[in-house]
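As structure tokens, the structure follows; a few thoughts come after it.
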Amino acid sequence: MFELKEQDFVRIKPLIDNISHSRALIFSVVEGNLKGRIFVDNMTAPKTAFIEGEFSYLVGFEDNTSFNKKLVKYIFDEKIPKSKDKELILFLCSDKWLEIDKMFKKRGCITIQRKTFSFDVDKYKEVRNRYDKITYKDEVEKIKDTSNFGFRIVNNEEIISECMSVAVGSGEAEININTKEAYRRKGYATTVAMEFIDYCISNELIPNWSCWPFRKESINLAKKLGFNEKLDIPAIYWAKNM
């Protein structure tokens with residue numbers, strides 16, 4: 001198992017070109033927009049790759065026994081002990097990772113699900129045209145740093161709702177929304193999300209939405225804004241206090 005240098009991340013592009021979910025999160029690492037690490041089985045012509053970023057992803061040839069064994073050892077001997085949360089969330093980017101799935105299960109891992117959505121721009125525009133933007137004394141501010149962007153609503157210098165891109169890659173942007181508890185159910189999240197989506201459309205970016213199944217408010221907001229629910233995607237999960 002070898003770690004690629006950042007300038008060589010593009011070598012795994014053939015392995016991820018056809019991935020149907022998490023594209024912004026995966027490509028943001030490959031394109032250098034999000035800090036991450038990539039490990040491969042072969043430095044010049046990789047067939048299997050492990051991507052560390054916001055989450056972790058395993059792509060390419062599934063029955064790569066030598067690589068799979070080394071990866072499991074690395075994850076439990078190095079990655080998890082050095083991580084802040086002492087946990088693992090690993091998405092297997094096909095349903096054929098049977099060998100390594102068994103290896104993880106022997107280590108006490110379980111399978112969890114994450115909800116994903118596809119963006120329907122026509123449905124969104126219908127919703128947008130019907131929506132009367134709420135008038136606030138608060139100011140909607142645009143946020144822009146090196147690679148990410150977003151919008152927030154501020155009241156007396158307090159950020160009460162914020163929609164940010166956690167990753168931008170392959171012409172797509174992954175959404176993350178936070179609204180303070182006291183200000184929820186007042187339309188703030190809808191407003192900042194619409195500002196975010198409008199910006200994506202204007203800049204030829206596809207907004208991505210995903211969340212955990214227990215985030216019912218996030219699921220409802222996604223559907224409200226023109227996102228169509230797709231099949232849940234499985235992830236390997238392990239935590240110290242399981």
Side-chain angles (χ1 to χ4, degrees), residues 4 6-39 49-60 88-94 112-125 142-152 161-178 189-190 192-213 215 218-219 221-236:
L4 289 177
E6 188 172 333
Q7 64 265 30
D8 296 325
F9 283 1
V10 293
R11 292 180 182 176
I12 73 159
K13 199 168 179 296
L15 304 180
I16 60 175
D17 275 340
N18 295 321
I19 285 178
S20 61
H21 65 80
S22 311
R23 291 183 64 83
L25 290 160
I26 292 171
F27 275 87
S28 63
V29 175
V30 175
E31 295 172 5
N33 299 325
L34 183 69
K35 187 177 180 180
R37 304 173 73 186
I38 297 178
F39 297 85
F50 172 66
I51 306 161
E52 289 185 27
E54 183 74 13
F55 297 120
S56 295
Y57 301 87
L58 196 50
V59 300
L88 169 71
I89 299 175
L90 169 62
F91 293 94
L92 308 177
C93 294
S94 86
I112 59 175
Q113 303 290 325
R114 188 166 176 84
K115 304 201 80 64
T116 61
F117 301 82
S118 61
F119 181 61
D120 187 327
V121 65
D122 293 327
K123 188 184 290 187
Y124 170 73
K125 287 179 178 178
K142 181 181 176 184
I143 314 157
K144 184 76 174 75
D145 58 27
T146 305
S147 58
N148 293 322
F149 63 91
F151 296 85
R152 65 189 178 193
S161 188
E162 184 174 75
C163 181
M164 286 290 299
S165 63
V166 292
V168 178
S170 188
E172 304 189 20
E174 183 76 16
I175 292 172
N176 183 58
I177 299 180
N178 285 302
T190 300
V192 291
M194 284 186 166
E195 293 284 351
F196 183 99
I197 294 169
D198 288 347
Y199 179 89
C200 284
I201 293 171
S202 297
N203 289 273
E204 299 183 343
L205 292 169
I206 300 171
N208 286 187
W209 198 299
S210 63
C211 65
W212 300 114
R215 299 289 188 188
S218 180
I219 294 169
L221 181 56
K223 292 178 178 178
K224 175 183 176 180
L225 294 173
F227 288 86
N228 296 317
E229 195 169 349
K230 297 165 61 178
L231 291 175
D232 292 357
I233 56 173
I236 298 296

Take the angle between the ring planes of Phe91 and Trp212 and call it parallel below 30°, perpendicular above 60°, tilted in between.
->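 Answer is parallel, since the angle falls under 30°.
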State which residue, out of Leu25, Val168, Asn148, fulfils the side chain to side chain contact (heavy atoms under 4.5 Å, CB included) condition with Glu174.
->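 Filter result, single survivor: Leu25.
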Among Ile219, Leu225, Thr116, Asn176, which one satisfies side chain to side chain contact (heavy atoms under 4.5 Å, CB included) with Trp209?
-> Leu225
[X] side chain to [Y] backbone, donor-acceptor under 3.5 Å:
X      : Y      : answer
Tyr124 : Met194 : yes
Arg23  : Asp17  : yes
Ser202 : Asp198 : yes
Lys115 : Ser218 : no

Output the distance between atom [atom1] ([X]) and atom [atom2] ([Y]), rounded to the nearest 0.5 Å.
X      : Y      : atom1 : atom2 : result
Ile89  : Ile236 : CD1   : CD1   : 11.5 Å
Leu90  : Ile112 : CG    : CD1   : 10.5 Å
His21  : Cys93  : NE2   : SG    : 4.5 Å
Cys211 : Arg114 : SG    : CZ    : 6.5 Å

Minimal non-hydrogen separation, [X] against [Y], with atom names:
X      : Y      : answer
Ser165 : Ala173 : CB-CB, 4.5 Å
Gly60  : Leu15  : CA-CD2, 4.2 Å
Glu172 : Leu205 : N-CD2, 4.1 Å
Met164 : Phe196 : C-CE1, 3.6 Å
Phe151 : Glu195 : CE1-O, 3.4 Å
Thr190 : Lys224 : OG1-NZ, 3.1 Å

Between [Y] and [X], is there a side-chain heavy-atom distance shorter than 4.5 Å?
X      : Y      : value
Leu92  : Pro234 : no
Ile12  : Ile51  : yes
Ser210 : Phe227 : no
Phe27  : Lys13  : yes
Ser22  : Phe55  : no
Ile197 : Phe119 : yes

Do other residues, nucleotides or ligands put more than 12 heavy atoms under 6.0 Å from the [atom1] atom of [X]?
X      : atom1 : result
Lys125 : NZ    : no
Asn18  : CG    : no
Lys35  : NZ    : no
Arg215 : CZ    : no
Glu204 : CD    : no

